Structure formats: structure tokens, C-alpha cells
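Shown next, in C-alpha cells, is the structure this report addresses.
Sequence lines set the chain letters: A, B, ... in the order given, protein chains first and strands last, and positions in each chain run from 1. Everything quoted here is computed from the prediction, not taken from an experiment.
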Amino acid sequence: MARPVRDGHRDLANVALFGYELAPDQVPPPPADGQVYADDVLKADGVEEGMTILLGPARTPVEVIGFVSDTSFNGQGGLWASEATWRSTLAANRPDARLADGVWQALVVRGDDMVDRIDAATSGATDSYTVTDAVNAIPGVEEQQGTFNQIIGVTIAVALVVIGLFFALLTVERLNLYGVLKALGASSRTIFGGLMVQAVVVTLIASAIAGALVVLLDLIIAPGSIPIFVSPSSILSSTALLLLAAAAGCSFSLRRVLKVDPASAIGTMS
Amino acid sequence: MNALELSDVRKIYTMGDGSEVVALDQASLTVADDEIVALIGPSGSGKTTLCSIAGGILSPTEGRIVIAGEDISDYGDKQLTKFRQESIGFVFQSVNLIPFLNAKENLTVVDELGRRTGKAAQQRADQLLDELGLGDRRKNLPSQLSGGQRQRVAIGRALMNDPKLVLFDEPTSALDTELGEQVMELIRTEMKRRGTSAIVVTHDERITQYCDRSVHISDGRLAA
């Protein structure tokens, strides 16, 4: 836990302090002792550049000299410090978890296919993970992802039903018209193709509006307020899923279109 | 060459309980090139069935149908669809224009159902609307047109594919007497001008004066 010294949105914020030598991709080389880079999700807690924050029960002061992105640990804003700052903070606040000099909690090795080779070389004395596996091994990460995937799945299922019903109703409403078009020489394929194009165009327009709103909300809402990372690929994949749902929903109308009798256009006053 | 030759055409419907209803019985009818024939009969007499068979919408149970020299008696659904697309014009009882398309688009939609001709179709639609006196109404939706104007758009749509035969299904039933006479006058003028044959299905004897010949149908049987 950290307490911003100046008035912030909140007095207390959850943080995870990392001491490092080898900088991850999105983090600069280690700062001077007593300084940290903060994850920008902490901006939502009122943390600002140049601010001194107090860490843990010992209230160890560190100065925030910059921000980094996408380094939250288990929902806690990451703080990135030198080895010395990390060791002294750990010793002062968590004496039970203090590590001897030269002992690290994790080693990062860069290279392809290293995982099995490292564990083999140490005869099983190490537990090695790829970056992705290491992230997923953090408690709660897989559960959180599962929850969001379920929400997305339910949304897609609801979209499928809504679009299916929408086009089924539209088809029923226009059966007489389709009878006329068939009498004029339209094939079922032409009519169903038109319905499908309509579904795709409507979904693309709706997705564009939804995507723009998501980007807008992402810009308006402070980082860290909602644990969602919006990326172009996530918007594109959601659009692709909605398009699939639209096509599947629309195809529910195929049977009705096939059954429309062109003879229904003649001899009726409807 | 005759526009239509029906020879001993029978159409039998099998009902849900297995019984059979003869809708058309040994019907033979010839419509010459450039001829307008009125098909007159009460409700349930079989005129709709005959109209549907002559237009390639229904297949007969027995008999032979030749339209402009093309024998369509044994055509399947796909062949009939293509045939209607290219050779038949329809004007339906309730006009049945597409409500969200304007007058011109209601004509060009015929082109989009088959092999598209694009610009040629646009020009033909413009020409037809001009000839039908709707040159200044081409952007209007059906809801913005009067009953007579809608009927004229429907006639234009029927003529878009330069048909060999046009079938008019009760074209005046939704119109008052004066407008009905105007529409029949227009139908006669347009058909004769193009040399296109037509069958006008009606139960109104008054419109027979606009046709070259009348054929009566009763209980599925034709009587000249």
C-alpha cells in the first residue's frame, strides 16, 4: 500500500514494487536510488510525476520520476525501482520476506525455446515460464480473463439472437414483397444475398459507432479505473465476431425466403 | 409468331386431405403478337391460375405452354425464374411497388434481379418514365404518388425487360371508374405502341372495350 503525500483522489493505493536490473520492453533502465517509475493506472489515484509517495507500514518515501504503461501486477499499479531501493523497502516493510543480497525472486532470460533448456540444465531446481505463462500464473489473471471472455461470449450470443429475431421479423414483414420480387424473376439467392448484405452493412455501421464510443470512453475514463485494455485488435476481433453473429442470425431467415411462393403476388389484394 | 400458345393445359391441386381440385381444365388459348386479351371470370374461376401458368410462375399438371416460340412446359423453377426475368412483364392487382425505393429505382430493380446492364437500364428507366408522363416524378417514393401514378410506375416496371408478354392482374380494381378508364387507355396505348401482347385479368366487363378480344373462364374452363 502507498500513501500519496500530497492530496490525491485517494490517500491509499495498491502498488507492487519491482526492483530490476534488466528493463522490460516498456520500462526505462533502473532509476536512481529512492526514485521510481509508476504505472499510469496510478494516475487514477492522484499520483503525479515529481510526487513523493510513502510505501508500506514503514512509510518508505520514493519519488515518482515518470510513468510507464501496462505494468500492473494483479490489479496493483506497478512501481519500478533500482535493486537497492527495492531491497531497502522490502527490508523495512516486510522483514519476513527479506532476501539475502544476490538472491532474486525472478530471473529474466531472453531467447527462444529457453524454458525447457533452463529447467533441464538446473536438473529441475528452477521453475521456468514463458512471459505469457508467467503472466497467466499470477493469481486471478486467468479467472479475470475467463470472466471477461464469458461476458464477451454472452454478448455475442445475445447479438446473434437479437439480429436473428430482427431479420426474421423483417422477413415476415416483407414476405409479400419477396413474393412480388420472385414473380419478377428474383431468385431466392438474390433475395437472401440482399438480406445478408443488409445485415453486414448494418453490423459494420453499428460496430463503427460502438468502436468509436469505446475509444472515446477509453480516452475520457482515467487509466486504471476499469481493468480493461482497449486495443485495435480487440475492437477488430469483436467486430468480426459480431459480423459472424449477424450472418448466423440472418441465416435463420433463409428457410422463410426459400418458401416464399411467387404465385402469392398474383390474385391478392394485400 | 404468337405471343402465347396454351394447349390443353390442366392444373390440379392436391389438398391437405388428399382430395384433388381441378383449377384449370383442358384450357387452350392463343394470344397473337400485338394482341390484348381480356380474361374475364368470377372469383375462383381459375383466372389467377391461368395467369400464373401463362406467366411462368406455376407449372401445369398437363399440357403445353409456348411463349414467343419458347416451350416452357417442362421448365424447372430455376429456368422459370430466368424466363420470367427476361421475357414476362407483370402488373399486380395491388400494384406492389417497393415502398422504400423511388419511382425510378422501382424500375431499375428489375435490371438488378438478373444480368445487370447498368447504364442502359438507367436510360431505359428514364425513357419509360418520360413516356408514361412521370419524368418529373422519378425521385418520388410510391407513397408520394397518386393511385394512377403508382399504376403507371408498375406498368413501367413491367416493360423494363422488354417483355414478350405482359400480364395485368386486375389492374383497375383498386381505382375509381374514371381513373380505371384512364389506366386502361394507357395500357392499350403503351402495348400497341410497342407491339407487346398482353392478357388483362379482370371481372369487370367494362374494360373489355380496351382489349382486342375477350375470353371468359368459369370453373377452370375457357369459353371464347
Hey, is [atom1] on [X] packed in by over 12 heavy atoms from elsewhere, all under 6.0 Å?
{"X": "R10(B)", "atom1": "CZ", "value": "yes"}
{"X": "D219(B)", "atom1": "CG", "value": "no"}
{"X": "D74(B)", "atom1": "CG", "value": "no"}
{"X": "D71(B)", "atom1": "CG", "value": "yes"}
{"X": "N149(A)", "atom1": "CG", "value": "yes"}

Separation between OG1 of T190(A) and CG of L113(B), rounded to the nearest 0.5 Å:
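Answer rounded to 0.5 Å: 6.5 Å.
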
To the nearest 0.5 Å, what is the distance between CZ (R174(A)) and CD1 (I98(B))?
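With rounding to 0.5 Å, CZ (R174(A)) is 9.5 Å from CD1 (I98(B)).
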
Show your working on side chain to side chain contact (heavy atoms under 4.5 Å, CB included) between V180(A) and R157(B) and close with a plain yes or no.
CA-CA 12 Å; V180(A) 171; R157(B) 179 172 70 181; 4.0 Å; yes

Heavy-atom pairs under 4.5 Å with chain B: which of L184(A), I191(A), D261(A) has the most?
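Greatest number of close heavy-atom pairs with chain B: L184(A).
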
Ignoring hydrogens, what is the shortest heavy-atom contact between F92(B) and A183(A)? Give both atom names and the distance.
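Heavy-atom minimum between the residues: CZ-CB, 3.7 Å.
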
Identify the heavy atoms of K182(A) and R84(B) that sit nearest to each other, and give their distance.
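Minimum heavy-atom contact is O-NH2, 2.6 Å.
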
Any side-chain heavy-atom pair of P99(B) and L177(A) under 4.5 Å
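In contact.
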
Taking only heavy atoms into account, what residues of residues 50-67 of chain B are found under 4.5 Å from chain A?
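Result: C51(B), S52(B), I57(B), L58(B).
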
With a 4.5 angstrom heavy-atom cut-off, is it the side chain or the backbone of F100(B) that approaches chain A, or both, or neither?
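F100(B) touches chain A through side-chain heavy atoms alone.
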
